[in-house]
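The chains referred to below are lettered A, B, ... by the order of the sequence lines, with proteins before strands, and numbering in each begins at 1.
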Protein chains: 2
Amino acid sequence: MSNEQALQQYDVKKYRTPDGYTSDIAVFTILSAKAETFKPPFMDLQIMLIKRSMLDSEGRPNMEAGKWALPGGFVDPEESAFQSAQRELREETGVDHIHLEHFGVYDTPGRDPRGWIISNAHYAIVPEHLLSERRANDDASEVELFSVEKVLDLDLAFDHARIIQDAIAVIRQKLLETTVAKEFLPEEFTYSELQAVLKTVTNDSAIVLDAAFARKIKSLPFIQEVPGKKTTRTSKKPTQLYRFIDVEVNNSIYHAKK
Amino acid sequence: MSNEQALQQYDVKKYRTPDGYTSDIAVFTILSAKAETFKPPFMDLQIMLIKRSMLDSEGRPNMEAGKWALPGGFVDPEESAFQSAQRELREETGVDHIHLEHFGVYDTPGRDPRGWIISNAHYAIVPEHLLSERRANDDASEVELFSVEKVLDLDLAFDHARIIQDAIAVIRQKLLETTVAKEFLPEEFTYSELQAVLKTVTNDSAIVLDAAFARKIKSLPFIQEVPGKKTTRTSKKPTQLYRFIDVEVNNSIYHAKK
DNA sequence: CAAATAGTGTCTTTGAGACATTATCGG
DNA sequence: CCGATAATGTCTCAAAGACACTATTTG
């Protein structure tokens, strides 16, 4: 085939190319505030940010030093942005094998003063207990969790305010429109635990009212009772356990719900 | 602030950077096959591809010459990938001010033999009549529409088979889960016209059965009757016209439909 | 037994789904 | 008046929403 000829004559310098290709990761977790015995949980959706060091790893002044930012970094040539996000999350937080999804590209000219730098934004869902191992790395002097209600009041680096805002909107939508809520829950969970996760993103009466939600969970096609299995972790009265099952959810706005 | 210091010492060559940054556009249109008078339309969802020239604009052998490919091209440094997609669509097809959306990034190492080339994929919805002006440009020897049912049988350039497959899945989902169907319809339309658009992507009985759909359209919260306005373009009996209204659609899988 | 959470009984209302029937017009 | 498409009548069944009531356990 003639691709070889074409390749020989191809001038890789013909077009101006980006000055950098990066991945950013919006790491979400849910903290169970006041986890008392025999109480349904009260949960808060949080996002993990790093505080950028004053000096970079080579001892020079760092860009956007002292500001809060999404963890992330440059993509290596032999990996995709998604793989880079996985790798960075592993390197920076020790967390692996979690739900990670690409949700946007940020490439507006001028978004990064260092030049033409393209960032791929991902969101990650990390169970609370896995974040205990988190640690600060080269570029970060601190690592902290912030409630999504308050994170946008911070002084944020680059265009990360925008990216974080988008990430919050995406995870809100995903929690309600897909079954990702399961990533925040144990394998088997009670109706009030699922309810607590959903209440971090909606106030709708069908979800907030206990009786309505306890009844509804039984008719949801993607959730199944674990036969005969109960727990007392959320109340004195033993509570039925449920699990997610893999069925495709028809989310058409023109169809009735099945 | 200290960003200026940091910038002075920043070495733009510190990281290996991509060899190219491109946009691809999956242009969809709907062809009304056999548009007879007093007949509801029968529609077919199609995608526009170009056939890559044997020689490039400078007369050298072209990459992936002779294969079918998505229109697209290199992003300029002073624009975003989205703007580049708009520009290329305008330049290559003369079409502007249409629905255009980013849906994915393709950056798997080795996807393009020319090097480390990142592509942002977009889909566009173009009304049939606007595509009459389309024309072949430098890199394209032919421009043609293909039914989404058959397009994947072609010999496609680069990883465009994958991108096209994803684009078709995205537009199927968007047509059913959002109100983008309106981009394929006139401002005011009949139930059977909307039904014909949806039938290009689903066989579900609630949509295929006339009586059911004619009744359902009245209860959809995002569609409104145009009071007293009827047309005879789809049948001898005058048919009620409808229009989309802007309301946010609650697509939660945990809620009842409102 | 008091308190708290889980879960059901019951009633009303809404609408989905299926199928038959009626309405309207051009030719 | 035939044929085709649009639209409604009617019946059944499922479930949503609201609210009261019952069940189960611990301290």
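Atom CZ in B:Phe213 sits about 20 Å away from atom P in C:dC19, given to the nearest Å. Rounded to whole Å, atom P of C:dT14 lies 17 Å from atom NZ of B:Lys218. Regarding B:Tyr254, its OH atom lies at a distance of 18 Å from the P atom of D:dA15, rounded to whole Å. To the nearest angstrom, P of D:dT24 lies 21 Å from CZ of A:Arg233. Across the protein-nucleic acid pair, A:Gln240 atom CD and C:dT8 atom P stand 9 Å apart, rounded to whole Å. In this structure, the CD atom of A:Glu193 is 11 Å from the P atom of C:dG7, given to the nearest Å. One can place CD of B:Gln195 at 11 Å from C1' of D:dT5, the figure rounded to the nearest angstrom. Atom-to-atom, NZ of B:Lys216 to P of C:dA16 comes out at 5 Å; the value is rounded to the nearest Å.
At distances below 3.5 Å, at least one donor-acceptor pair connects side-chain atoms of B:Glu193 with backbone N or O atoms of B:Thr190.
When heavy atoms are screened at a 4.0 angstrom cut-off, A:Thr234 is found touching the sugar-phosphate backbone but no base atom. A:Ala211 comes within 4.0 angstrom of a base, heavy atoms only.
Annotation: side chain of A:Leu70 is in contact with side chain of A:Leu49 (closest heavy-atom distance under 4.5 Å). Looking only at side-chain heavy atoms (C-beta outward), B:Leu176 and B:Arg172 stay at 4.5 Å or farther from each other. A:Glu187 is not listed as a side-chain neighbour of A:Phe244, based on a closest heavy-atom distance of 4.5 Å or more.
On a pure distance criterion of 3.5 Å, no polar donor-acceptor pair joins the side chain of A:Arg215 and the base of D:dG17.
Applying the 6.0 Å contact sphere to CZ of B:Arg87 captures more than 12 heavy atoms from other residues, nucleotides or ligands.
Among all heavy-atom pairs drawn from B:Phe213 and B:Tyr191, the shortest one is CE2-O, 3.4 Å.
For B:Lys230, whose side chain is taken as the heavy atoms from C-beta onward, the closest listed nucleotide among D:dA7, D:dA6, C:dG7 is D:dA7. Distance from the side chain of B:Leu209 is smallest to C:dA18 among C:dG7, C:dA18, D:dA7. Proximity note for A:Tyr191 (side chain, C-beta onward) versus C:dA16, D:dA18, C:dG7: the nearest is C:dG7.
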Distances for protein N/O vs nucleotides 23-27 of chain C N/O pairs under 3.5 angstrom?
| from | atom 1 | to | atom 2 | distance (Å) |
| --- | --- | --- | --- | --- |
| C:dA23 | N3 | B:Lys237 | NZ | 3.4 |

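Of the two residues near DNA chain C, A:Ser235 and B:Ala206, the one whose nearest nucleotide lies more 5' is A:Ser235.
Applying the side chain to side chain contact (heavy atoms under 4.5 Å, CB included) test between B:Val126 and each of B:Val27, B:Ile30, B:Leu100, B:Thr93 identifies B:Val27 as the sole match.
For A:Ser192 and C:dT5, the shortest distance from a side-chain N or O to OP1 or OP2 is not below 4.0 Å.
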